[in-house]
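Below: one structure, written as structure tokens.
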Protein chains: 2
Amino acid sequence: MAKRSDTPAEETQPERKRGSGAQHVYEVLRRDILNLTLPPGSLIDEVQLSERLNMSRTPIREALVRLASEGLVSTLPNRSTVVSNIDFLNLHTFFDALTLMYRVTTRLAAENHTEADMAKIRACQAAFSHAVDTQDAQEMISTNRDFHAAIAEAGRNPYFTGLFCRLLDEGRRLLRLYYLSFDDRLPHRYVVEHDEMIAAIEARDVALCDRLGRTHADQIVAQIQQMIARDRRHDIPL
Amino acid sequence: MAKRSDTPAEETQPERKRGSGAQHVYEVLRRDILNLTLPPGSLIDEVQLSERLNMSRTPIREALVRLASEGLVSTLPNRSTVVSNIDFLNLHTFFDALTLMYRVTTRLAAENHTEADMAKIRACQAAFSHAVDTQDAQEMISTNRDFHAAIAEAGRNPYFTGLFCRLLDEGRRLLRLYYLSFDDRLPHRYVVEHDEMIAAIEARDVALCDRLGRTHADQIVAQIQQMIARDRRHDIPL
DNA sequence: TGTATTTTAGTTGTCGACAAAAATTCCGCG
DNA sequence: CGCGGAATTTTTGTCGACAACTAAAATACA
């Protein structure tokens with residue numbers, strides 16, 4: 001495959017703290033994967049990465065193992081590791097899990113949130129609203145994820161939070177696929193729904209949170225399905 | 001021709017297949033952690049392990065990274081990694097997640113199971129029933145986990161299956177803590193409930209599966225809480 | 001004797017190198 | 001010109017070694 005000259009330059013100084021090597025490459029790779037800078041199916045070359053980040057292959061391998069156990073990359077034995085591609089055939093399982101987690105985390109947030117949690121959630125919502133105002137699609141996707149992650153954190157259940165964040169990241173890649181140069185008026189609806197969620201959480205109205213979580217999930221699922229359906233037309237061979 | 005490997009005992013000969021080093025130590029450590037052979041808080045010494053398993057530190061580190069990202073061990077920076085201890089203060093979050101996953105996976109199994117799934121589930125239930133008959137506590141814990149994991153597999157949602165298996169493993173450690181030399185007549189009740197679950201799944205009765213999953217979870221949660229409460233008495237200082 | 005500081009031992013994180021396996025190229029033969 | 005197999009190249013999995021860092025032991029000092 002042809003090398004791309006616009007690889008993200010991460011030339012760090014040789015001055016690095018001792019334990020942070022693997023952590024650093026983990027964060028870099030994770031960010032690039034979620035931003036689709038490394039599109040699904042990309043081959044990850046260890047020595048190329050080690051040269052680019054000025055470190056040995058050992059910390060890179062450690063980061064790859066971590067990413068593999070989170071499902072972000074797949075490593076074939078004795079073969080190169082590739083960025084996991086999105087399983088369009090089983091998207092419904094993703095939607096099922098996402099919907100349930102939207103509901104559960106919002107409910108739990110209503111029950112367990114503190115004032116500090118609400119402050120964080122409001123800050124995330126402000127960032128999301130700003131991204132919508134400025135029509136920044138990438139920022140919208142990222143801040144939307146942070147908003148719901150903050151709600152999950154307020155729910156105080158690390159098991160749900162862990163699964164939900166994983167799902168949100170997967171959704172981040174999905175949305176990024178279709179949001180590359182496209183936007184519509186739907187995001188305003190999300191801003192409104194987010195505000196409703198905040199109010200319901202603060203009022204500790206569990207039933208309302210459940211309903212809002214479900215409808216919000218339905219919105220996003222419907223949007224993604226619509227995008228896929230619209231995109232399907234290009235797949236017809238002539 | 002590929003070389004034939006003997007029984008994967010503790011002391012493996014230098015004859016090992018190339019890619020299987022890290023996998024092997026991962027499985028060994030995982031088994032020992034879940035069996036409480038390595039009790040929570042145990043320090044894991046890399047060089048000691050490398051000597052015991054006749055391999056370098058590199059594959060051992062890879063296995064430790066994987067275990068850490070699954071939460072089975074915690075690795076302090078520049079310090080030794082220890083087996084994660086059970087968070088008794090936040091057990092309720094564990095119970096919440098476990099209950100929800102019991103319900104969801106059983107429901108999905110009712111909707112999506114095939115005949116092959118039912119065969120596997122029945123085989124697991126037979127193994128569990130046999131363990132109950134022979135009063136083998138360790139085998140009961142292990143086969144009970146496999147039974148519910150098989151139901152989750154039949155539900156065909158890898159996100160739920162992943163979280164559920166993680167919870168079941170955590171529960172395996174919890175039960176093992178209290179089942180060391182103790183058993184009562186409760187397991188028979190589990191056999192009956194398992195049979196009811198199988199019937200409900202096969203009948204594709206989603207509502208009944210939901211109810212059975214919830215009550216089954218309640219049983220287990222109540223049992224664990226009772227064990228903890230009984231154990232608490234010893235904690236009173238005089 | 002108790003406390004602060006230095007020394008020492010031990011463990012982890014990183015490195016470069018080497019061997020095995022796969023991918024690729026090269027070459028002979030039909 | 002195409003194809004099968006051997007040789008080469010590339011990439012991964014593993015190894016031993018070393019530096020950085022932590023914890024404990026030993027020493028100095030009030």
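Side-chain atoms are counted along with the backbone in the values below, which use heavy atoms only and exclude waters and symmetry mates. Chain letters run A, B, ... following the sequence lines, proteins first and then strands; every chain starts at 1.
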Exercise. Closer than 4.0 Å, any side-chain N/O of A:R79 to the OP1 or OP2 of C:dA21?
Worked result: no

For this session: Select base, sugar-phosphate, or nothing to describe what A:I44 touches, counting heavy atoms under 4.0 Å on all strands.
Result: sugar-phosphate

Exercise. Contact class for A:T58 vs. all strands (heavy atom < 4.0 Å): base, sugar-phosphate, or nothing?
Worked result: base

Quick one: [X] [atom1] to [N] [atom2], roughly how many Å, whole number?
X     : N      : atom1 : atom2 : value
A:L64 : D:dT11 : CG    : P     : 15 Å
A:L43 : C:dA22 : CG    : C1'   : 13 Å
B:L76 : D:dC21 : CG    : C1'   : 14 Å
A:Q48 : D:dT10 : CD    : P     : 14 Å
B:M55 : C:dA19 : CE    : C1'   : 16 Å

Problem set entry | Along DNA chain C (nearest heavy atom to each residue), the more 5'-positioned of B:N78 and A:P77 | B:N78

For this session: Assign each of A:R57 and B:T81 to its nearest nucleotide of DNA chain C by heavy atoms, then name whichever residue's nucleotide is nearer the 5' end.
Result: B:T81

Nearest to the side chain of [X], heavy atoms from C-beta on, is which of [options]?
X     : options                : value
A:R18 : D:dA20, C:dG16, D:dT11 : D:dA20
A:P59 : C:dT12, D:dT12, C:dC15 : C:dC15
B:V47 : D:dG16, C:dT12, D:dT11 : C:dT12

Exercise. With a cut-off of 6.0 Å (strictly less than), are more than 12 heavy atoms of other residues, nucleotides or ligands near NE2 of A:H92?
Worked result: yes

For this session: Would you please classify the geometry between the A:F164 ring and the A:H148 ring as parallel, tilted or perpendicular, with 30° and 60° separating the classes?
Result: perpendicular

Problem set entry | A:R30 bridged to A:E70 by N-O distance under 4.0 Å | yes

Exercise. Looking only at heavy atoms, what is the nearest atom pair of B:N157 and A:A97, with distance?
Worked result: ND2-N, 4.3 Å

